[in-house]
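Throughout, numbering of the chain's residues begins at 1 and tracks the sequence.
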Amino acid sequence: MRSDSVSGVVHIFAPFGRDAQSIATVLNASGLRTTIQDSLSRLADALDDDVGAVVMTEEAVAKGAGALLAPLARQPSWSDIPFILLRSPRSKKRPLADPDLQLAINTIELDRPLGRSSLLSSVLSALRARDKQFLVRDQMRALADSRAALERSEAELRLVADAMPVLIAFIDRDLQYRFANKAYESWFERPVSEVIGKRVPEVFGEEVWATRRPMIERAMAGEHIVFEVNWPFSDGRRRDSEIRYSPRFNTAGEPDGFHVFVTDITASKLALETSQQHAQDLEAMVAERTAELERQMAAREASEAALRQSQKMDAIGQLTGGIAHDFNNMLTGILSSLDIVRMRLEMGRMDGLERFLDAATASSQRAAALTQRLLAFSRRQSLDSRTVDLNELVGSTQHLLRSTLGETIRIRTVLSDTPLRAHLDSNQFESALLNLAINARDAMPDGGELILRTSHVHVAEHQLLAVPAGEYAVVAVSDSGTGMPPEVVERIFEPFFTTKPIGKGTGLGMSMIYGFMQQSGGHITVDSTPGQGTTVSLYMPVVHDAATDEEVASVQPVSLGAGQSILVVEDDEQVRMLVTVVLEDLGYTAEVVEDADGAIPILASSKKIDLLITDVGLPGLNGRQLAEIARQSRPTLPVLFMTGYAEKAQERSAFLDNGMAMIAKPFLLDAFSEAVRSAMAASRP
């Protein structure tokens, strides 16, 4: 996109981050001259007659822009500096902070984020409109410089005015045209002689006069007026016009009429609309103007799509590579241990089998923990959220942290003076705190101090990049360790990214915490300085209800089963076999089917069923739908759900009804036995 046909300096004021430098880079690459201003006062001082346009972000005027009003008011009659305001879509419904600025500024608003081409197109359109103002300026200056000569020669004045590509006229206090240049012949399609001496209502007609009258009356009162109208050609073609009424004052300082300047701004309006329309409208407009540009746009979109796909595949590759590495290590521990057990059993050797079985169990539990972290990262884990007091929760972790971190780490807590409540899964939150504490310990190899701080915080709009405005309960974990450089902080939530040596960490701890916070409706920030330490802050929406949710009272284990009938629905053959063995060993009678289609006839029969155990993720009807069907004919039937991953079971409190419980796969057999006994006990009257 060429910029050699426009002039003027583009002033940029974007106070946050690298926004100003990024905008300048795009414009400079197209040959435009730019200047970055660091304050509204400096920008106000720079608003002279040579300004081409101003690009600002909405943050620049968030607290008002009174400093701009005076220089804008001092603009000469020909000048109306174009401002391009970059705003977020959700903030466009709100007016600018300074209502006076809304009236005084010539603003073009663009939605963020926007592409390089849209930004450049809008700036070029503004500069072209400004060039027309410069043309009027230069011509007005030429008229002023030649005024003495023009007074001696009306013919010369007519010649200069007629050469201008804008309508120029003077209207006296009686609303009569005293002067009109030759452009009136093409715009009104009538000789200039038929305009001079006529009153405005006669030239325009009563309908148009009714719309122009309020602005003309203001001009007659001494006010400079600028407005836009749709002034189509006689053949119906579109023509947008900018009209300026500039009052002329007599020696007594009273207005004795006004000058009229009318400019065709159709090209700039079309360019602005093009940048704001939807992609489909934009493609249609581009197709009407040039097929070559359409091919370029298509090529660029294809290139961007290819880049996004490449980035997606890189992320998937990193994720799957990390999973494969860790799971292969764990599977090696499981399979090798079981092979050794099988080999020794075949040899008749029973000594030392416990060691290999323990190794297989430990590898299995590591795999289960890795799966849980992946679900946390992807925000798909099953949460048992309750309203808890964070002061009490943080305080209850002290003993666990002291035994985990060792004597070289000093632990200090700074708790909020008032109760601080949030809605979350306390077990997952304690796990997140433990992960953060272990990371802090590793960052302090020679010892140091770990501080856990709770506070009640009000976050203002745009105060924190990663945290929306609102009221939050915050738990901050700070260490005095080695800290991290910015390039490490930027990647800290990537799965399997770790700065620890090989074999010292999976790189899923921070990504798990990030996923847990997102799933819980919270946010997380990291503030780290090399050599000074790191602070990780967990932001959770405040709960103002004075009462916390009570913990579910634990029930006393009941005796072994006495032949109670249990219906098991599980699509995995090995899990069905293991569940059947456990239930029969406990003394229950188990009937096992692989899907809901097999279970529905049994549930519809008169057969006695004391408990329904079903996997959530079944083929066809899922476990929750099956439970609904079962409750239609057996309203008091207790249900125990088994889940490895089920998207709809992420929030237990919303997923479970009365008489329903859930156990997450993989589970140890004693945990499963306890869940069955608890479900059976809870169903007793």
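Atom OH of Tyr472 is separated from atom NE2 of His523 by 4.0 Å, given to the nearest 0.5 angstrom. Taking CE of Met140 as the reference point, atom OG of Ser246 lies at 6.0 Å (rounded to 0.5 Å). Note that CZ of Arg244 and NE2 of His224 are 10.0 Å apart. Values are rounded to the nearest 0.5 Å. Between the OH atom in Tyr184 and the CD atom in Glu194 there is a gap of 14.5 Å [rounded to 0.5 Å]. Remark: Ser88 OG to Asp111 CG distance equals 8.5 Å, nearest 0.5 Å. In this structure, the separation between CD1 on Ile265 and CG on Leu270 is 10.0 Å, given to the nearest 0.5 Å.
No donor-acceptor distance shorter than 3.5 angstrom exists from the side chain of Arg112 to the backbone of Thr57, with no hydrogens or angles considered. Checked by atom type and distance alone, the side chain of Asn250 never pairs as donor or acceptor with a backbone atom of Asp256 at under 3.5 Å. Ser121 places no side-chain N or O within 3.5 Å of a backbone atom of Ser117 that could act as its donor or acceptor partner. For the pair Asp48 (side chain) and Val51 (backbone), a donor-acceptor distance under 3.5 Å is present. Judged by distance alone, the side chain of Thr266 and the main-chain N or O of Asp240 form a donor-acceptor pair under 3.5 Å. In this structure a side-chain-to-backbone donor-acceptor pair under 3.5 Å is present from Gln625 to Asn622. Judged by distance alone, with hydrogens and angles left aside, the side-chain atoms of Arg213 form no donor-acceptor pair with the main-chain N or O of Pro201 at under 3.5 Å. Under the 3.5 Å distance criterion, the side-chain polar atoms of Gln75 are matched with a main-chain donor or acceptor of Ile81.
Side-chain contact check for Leu32 versus Leu127: some heavy-atom pair is nearer than 4.5 Å. Inter-residue side-chain proximity for Arg173 and Pro255 is flagged as met; some heavy-atom pair is nearer than 4.5 Å. At least one side-chain heavy atom of Met517 sits less than 4.5 Å from a side-chain heavy atom of Met540. Taking the side chain as every heavy atom from C-beta outward, Arg141 and Asp49 approach each other to under 4.5 Å. In this structure the side chain of Asp264 never reaches within 4.5 angstrom of the side chain of Trp231, judged on heavy atoms. The side-chain heavy atoms of Glu242 and Val226, taken from C-beta on, include a pair separated by under 4.5 Å. Within the 4.5 Å cutoff, no side-chain heavy atoms of Ile243 are placed close to those of Leu167. The closest side-chain heavy-atom distance from Val166 to Lys132 is not below 4.5 Å.
By the neighbour-count criterion of 12 heavy atoms within 6.0 Å, atom CD of Glu292 is densely surrounded, having more than that number from other residues, nucleotides or ligands. Atom CZ of Arg42 sits in a sparse spot, with 12 or fewer heavy atoms from other residues, nucleotides or ligands closer than 6.0 Å.
A donor atom on one side chain and an acceptor atom on the other are found under 3.5 Å apart for Arg130 and Ser79. Inspection of the His544 and Glu471 side chains reveals an N or O donor paired with an N or O acceptor under 3.5 Å.
Glu189 approaches Ser234 most closely through the heavy-atom pair OE2-OG, 2.8 Å. Heavy atoms only, all atoms of each residue included: Gly522 and Pro541 are closest at CA-CD, 4.3 Å. Across all their heavy atoms, Arg190 and Val203 have their closest contact at NH1-O, 3.4 Å. Residues Ala14 and Asp19 share a closest heavy-atom pair of CB-CB, 3.7 Å. Ala60 and Leu40 get closest at one heavy-atom pair: O-CD1, 3.8 Å. Of all heavy-atom pairs between Gly8 and Arg33, the closest is N-NH2, 3.5 Å.
Between Lys269 and Glu273, no side-chain nitrogen of the basic residue sits less than 4.0 Å from a carboxylate oxygen of the acidic one, so the salt-bridge criterion is not met. Between Arg137 and Asp50, at least one side-chain N (NZ, or NE/NH1/NH2) sits under 4.0 Å from a carboxylate O, which counts as a salt bridge.
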Intermediate values then yes/no, side chain to side chain contact (heavy atoms under 4.5 Å, CB included), Val54 and Gln37 = CA-CA 10 Å; Val54 177; Gln37 303 295 344; over 6 Å; no

Candidate pair Ser125 and Leu272, rule side chain to side chain contact (heavy atoms under 4.5 Å, CB included), full reasoning = CA-CA 7 Å; Ser125 297; Leu272 177 60; 5.6 Å; no

Verdict with supporting geometry, Met215 and Phe258, side chain to side chain contact (heavy atoms under 4.5 Å, CB included) | CA-CA 11 Å; Met215 280 74 76; Phe258 62 94; over 6 Å; no

Take Thr525 and Tyr539 through the test side chain to side chain contact (heavy atoms under 4.5 Å, CB included) and record every step on the way to the result.
-> CA-CA 8 Å; Thr525 63; Tyr539 289 77; 3.6 Å; yes

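Figure legend: Arg199 and Trp209 shown without cation-pi pairing, the cationic atom not lying both under 6.0 angstrom from the six-membered ring centre and within 45 degrees of its axis. Taking the centre and axis of the six-membered ring of Phe170, the NZ or CZ atom of Arg178 falls outside the cone set by 45° and 6.0 Å.
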